[in-house]
Undergrad: 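One structure, as structure tokens, below. Some questions next.
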Amino acid sequence: MMNLTRPSLSIILFLFFILPINSTSALTKYNVLNFGAKPNGKTDSTKAFLMAWKAACASADSTIIYVPKGRYLLGSMAFQGGCKSPQIIFRIDGTLVAPQEYRVLGKSTDWLSFEGVNGVSILGGALDAKGPSLWACKASHSNCPSGATTLSFTNSKNIRIRLLLSLNSQMFHIVINGCENVNVQGVRIIAADDCISIGPGTKNLWVEQVTCGPGHGISIGSLAKDLKEEGVQNITVKKTIFLGTQNGLRIKSWARPSNGFVQGIRFMDSLMVNVQNPIVIDQNYWPHNLNCPNQVSGIKIKDIIYEGIRGTSSAQVAIKFDCSPKNPCTGIRLQNINLSYLNKPAQSSCSSVRGKALNLVQPESCL
């Protein structure tokens, strides 16, 4: 899962869209092997990576930290900002692996975190967080740690992530929190929850060419977790493919008071293949439906466009707008929608929503 939270400005995601990596010949290079890293997957290389970062960060030149082929065992690491170097590139040709014992990472919030950095790029490589043992612990309802996010950027600017593989994350795969000008291209994430989760405070986000499945699809929310919550606005999601997911394009908020909002959202040119809920707004979300507070969502949802959404639903109701009776969804627009169910017409369901349908809309609109 990729999670985007708090004010995250000008974030662009192009997953599975491969671009050539620019030449790094003019950069000052720091090879992690020269700092004592061992590519055998058994020797702890945490200290060597941190030493390489310290050297690159202190340089006045643009730098590259090079990770050759091999497997590198790493514990939790925080790469702090305040660097002299205007640009630091992590060029990874190998695989970074977490400790096999899940509690080593599980007690940390993040495995690899970048805090307050500017001009950092991650190019290539794989991240294996060894999550299955923690998943098994949680499935057995034992006393388990929450788990660590694999890769996080917090309060950072001008970030590039390209051609990276992330698998077996204990929690989120990639978290972008309070960042500006983030560009993600050619990234492959193997996960079982939301492909992309867009959290409170996110704005000016562009998501394009994402293939998602299986899992929970692309979600704005959960929202209304806090009374004083920042809004989500100016989001574009286009040219996406959903394969057997639980949801396609989802906006969800908890059924309780909040000052938050969602507005200026564009969902465009999406293909659904056997998706349970291709289009859904759920303002009565409550995890597992346990101990529901019987309240209504305070999140205000308006100006949402669905255009060029097509394919098949695995449930009869392909479009579901279940909005807050206190704050109905407004400005909802369906345009050029063609969703079917078992080669038959699907259905729409509307509650506390106002909007309009343009051109062809199948199933028949309930707006």
Undergrad: Hey, quick one: are I241 and V187 part of the same hydrophobic cluster, counting side-chain heavy atoms closer than 4.5 Å, chains of contacts allowed?
TA: no

Undergrad: Step by step, would you call K29 with D61 a salt bridge (charged side-chain N to carboxylate O under 4.0 Å, His left out)?
TA: CA-CA 10 Å; K29 297 182 181 180; D61 300 327; over 6 Å; no

Undergrad: Is there a donor-acceptor pair closer than 3.5 Å between any side-chain N or O of H173 and the backbone N or O of T150?
TA: no

Undergrad: Given side chains that start at C-beta, do those of I281 and V353 come closer than 4.5 Å, heavy atoms only?
TA: no

Undergrad: Which pair of heavy atoms, one from Y72 and one from K38, lies closest together, and at what distance?
TA: CD2-O, 3.6 Å

Undergrad: Return the minimal non-hydrogen interatomic distance between A129 and L105, and the atom names on each side.
TA: O-CD1, 4.4 Å

Undergrad: Just by modelled atom types, is the I235 backbone N or O under 3.5 Å from a matching donor or acceptor in the W206 side chain?
TA: no

Undergrad: For residues F35 and F79: do they belong to one hydrophobic cluster (side chain heavy atoms under 4.5 Å, members Ile, Leu, Val, Met, Phe, Trp, Tyr)?
TA: no

Undergrad: I'd like to check I304 versus C329 (side-chain heavy atoms, cut-off strictly below 4.5 Å). Are they in contact?
TA: no

Undergrad: State plainly whether one hydrophobic cluster holds both V275 and L271, where clusters connect Ile, Leu, Val, Met, Phe, Trp and Tyr through side-chain heavy atoms under 4.5 angstrom apart.
TA: no

Undergrad: Taking the side chain from D128 and the backbone from K130, do they hold a donor-acceptor pair closer than 3.5 Å?
TA: yes

Undergrad: Could you check whether R256 and Q295, counting side-chain N and O atoms only, form a donor-acceptor pair closer than 3.5 Å?
TA: no

Undergrad: Are D269 and R310 close enough for a salt bridge, meaning some N to O gap below 4.0 Å?
TA: yes

Undergrad: Just by distance, no angles: are the side chains of S219 and R250 close enough, under 3.5 Å, to form a donor-acceptor pair?
TA: yes

Undergrad: Apply side chain to side chain contact (heavy atoms under 4.5 Å, CB included) to residues F267 and I251 and explain how you reach the verdict.
TA: CA-CA 11 Å; F267 296 118; I251 300 174; 4.3 Å; yes

Undergrad: According to a hydrophobic-cluster definition based on side-chain heavy atoms being under 4.5 Å apart (Ile, Leu, Val, Met, Phe, Trp, Tyr only), do L151 and Y102 belong together?
TA: no

Undergrad: Which atom pair, heavy atoms only, marks the closest approach of T245 to G213?
TA: CG2-CA, 3.6 Å

Undergrad: State, with a plain yes or no, whether a side-chain heavy atom of L33 is found less than 4.5 Å away from one of P68.
TA: yes

Undergrad: Using only atom types and a distance under 3.5 Å, with no angle test, would you say the side chain of Q283 pairs donor to acceptor with the backbone of S324?
TA: yes

Undergrad: Under 3.5 Å, side chain of S348 to main-chain N/O of E364, donor-acceptor pair present?
TA: yes

Undergrad: Would N168 and W135 count as a side chain to side chain contact (heavy atoms under 4.5 Å, CB included) here? Give the steps.
TA: CA-CA 9 Å; N168 297 324; W135 307 341; 3.9 Å; yes

Undergrad: For a quick test of reading the model, state the closest non-hydrogen atom pair linking C144 to L134 and the distance between them.
TA: CB-CD1, 4.1 Å

Undergrad: Measure from the side-chain N and O atoms of W111 to the backbone N and O of L74, and report whether any donor-acceptor pair falls under 3.5 Å.
TA: yes

Undergrad: What about W53 and Y30, same hydrophobic cluster or not, with Ile/Leu/Val/Met/Phe/Trp/Tyr joined at side-chain heavy-atom distances under 4.5 Å?
TA: no

Undergrad: Answer whether the closest heavy-atom distance between the side chains of R160 and N181 falls below 4.5 Å.
TA: yes

Undergrad: Are any side-chain N or O atoms of D282 and backbone N or O atoms of D322, one a donor and one an acceptor, separated by less than 3.5 Å?
TA: no

Undergrad: Taking it one step at a time, do N327 and F261 satisfy side chain to side chain contact (heavy atoms under 4.5 Å, CB included)?
TA: CA-CA 10 Å; N327 298 291; F261 62 87; over 6 Å; no

Undergrad: With a 4.5 Å cut-off on side-chain heavy atoms, are S121 and F90 touching?
TA: no

Undergrad: Could you note down all residue pairs passing ring-ring contact (aromatic ring centres under 6.0 Å, His included) where residues 313-363 supplies at least one of them, sequence neighbours left out?
TA: Y306-F321

Undergrad: So, S156 side chain and V117 main chain: donor-acceptor pair closer than 3.5 Å or not?
TA: yes

Undergrad: Could you tell me which non-hydrogen atom of I92 sits nearest to which non-hydrogen atom of A126, and how far apart they are?
TA: CG2-N, 4.5 Å

Undergrad: Ignoring hydrogens and angles, state whether a donor on the side chain of D93 or Y66 is under 3.5 Å from an acceptor on the partner side chain.
TA: yes

Undergrad: Is there a side-chain contact between C350 and L367, using heavy atoms and a 4.5 Å cut-off?
TA: yes

Undergrad: How close do K252 and S222 get, counting heavy atoms only, and between which atoms?
TA: CE-OG, 3.1 Å

Undergrad: Counting distance only, does the side-chain N/O of S314 pair as donor-acceptor with the main-chain N or O of Q276 below 3.5 Å?
TA: yes

Undergrad: Can you tell if the side chain of L223 reaches within under 4.5 Å of the side chain of P200, non-hydrogen atoms only?
TA: yes

Undergrad: Can a side-chain donor-acceptor contact be found between S59 and T28 if the only test is distance below 3.5 angstrom?
TA: no

Undergrad: Apply the test side chain to side chain contact (heavy atoms under 4.5 Å, CB included) to residues L165 and I190: give CA-CA distance (whole Å), side-chain angles for both, the deciding distance (0.1 Å), then the verdict.
TA: CA-CA 8 Å; L165 168 65; I190 300 176; 4.3 Å; yes

Undergrad: Please work out which of the three classes, parallel, tilted or perpendicular, describes the rings of W254 and Y285, given edges at 30° and 60°.
TA: tilted

Undergrad: Between F114 and F153, what is the ring plane arrangement, given parallel below 30°, perpendicular above 60°, and tilted in between?
TA: parallel

Undergrad: Donor-acceptor pair, S169 side chain versus F172 backbone, under 3.5 Å?
TA: yes

Undergrad: Within the 4.5 Å heavy-atom criterion, are S45 and L73 side-chain neighbours or not?
TA: no

